[in-house]
Amino acid sequence: MSSYPSEILAAYTAKNGWRTRKIEQAVSVANGTGGAGKKKIEVLTANYDLSNPNDVLTLFDV
């Protein structure tokens with residue numbers, strides 16, 4: 001599941017032993033201040049291992 005950070009989701013994640021991965025990215029919309037851009041955090045939650053032990057991302061096995 002993909003979501004924003006949530007205290008309620010974090011509590012359920014801990015209670016049920018789910019796994020999470022947080023992804024922080026810069027927002028692509030210009031903020032007009034000339035300073036550092038805003039960041040957004042996306043949280044992936046799953047009941048399986050979210051790691052990528054081989055660092056290989058493929059859509060189809062060839």
Side-chain angles (χ1 to χ4, degrees):
M1 171 174 67
S2 173
S3 66
Y4 294 104
S6 162
E7 290 181 21
I8 295 171
L9 180 57
Y12 276 98
T13 298
K15 178 181 176 184
N16 293 295
W18 298 336
R19 295 168 180 90
T20 61
R21 186 173 209 176
K22 292 182 181 178
I23 301 170
E24 188 172 329
Q25 297 178 332
V27 175
S28 60
V29 176
N31 62 5
T33 64
K38 291 184 178 182
K39 302 249 182 202
K40 68 176 181 177
I41 299 175
E42 181 178 359
V43 179
L44 302 178
T45 304
N47 61 353
Y48 55 86
D49 187 3
L50 290 168
S51 67
N52 186 1
N54 298 325
D55 287 329
V56 176
L57 298 175
T58 57
L59 184 58
F60 301 103
D61 289 331
V62 181

For this session: Tell me whether Ile8 is reachable from Val43 by hopping between hydrophobic residues (I, L, V, M, F, W, Y) whose side-chain heavy atoms are closer than 4.5 Å.
Result: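 No: no chain of side-chain contacts under 4.5 Å links Val43 to Ile8.
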Exercise. Are Met1 and Tyr12 linked, directly or through other ILVMFWY residues, by side chains that come within less than 4.5 angstrom of each other?
Worked result: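 Yes, it is one cluster - the side chains of Met1 and Tyr12 are joined through contacts under 4.5 Å.
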For this session: Specify the closest pair of heavy atoms between Ile41 and Glu24, including all atoms of both residues, with the distance to one decimal.
Result: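 Taking Ile41 first and Glu24 second, the nearest heavy atoms are CG1-CG, 4.1 Å.
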Exercise. How many angstroms lie between OG1 in Thr45 and NZ in Lys22, if you round to the nearest 0.5 Å?
Worked result: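 Rounded to the nearest 0.5 Å, the OG1-NZ separation comes out at 9.5 Å.
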For this session: State whether the number of non-hydrogen atoms from other residues, nucleotides or ligands found under 6.0 Å of Ile23 atom CD1 is greater than 12.
Result: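 More than 12 within 6.0 Å, yes.
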Exercise. Side chains of Glu42 and Ser2: does their closest heavy-atom pair fall under 4.5 Å?
Worked result: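 A side-chain contact under 4.5 Å exists here.
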Exercise. Checking Asn16 side chain against Trp18 main chain: does a donor-acceptor pair fall under 3.5 Å?
Worked result: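 No; judged by distance alone, with no hydrogens or angles, the pair does not exist.
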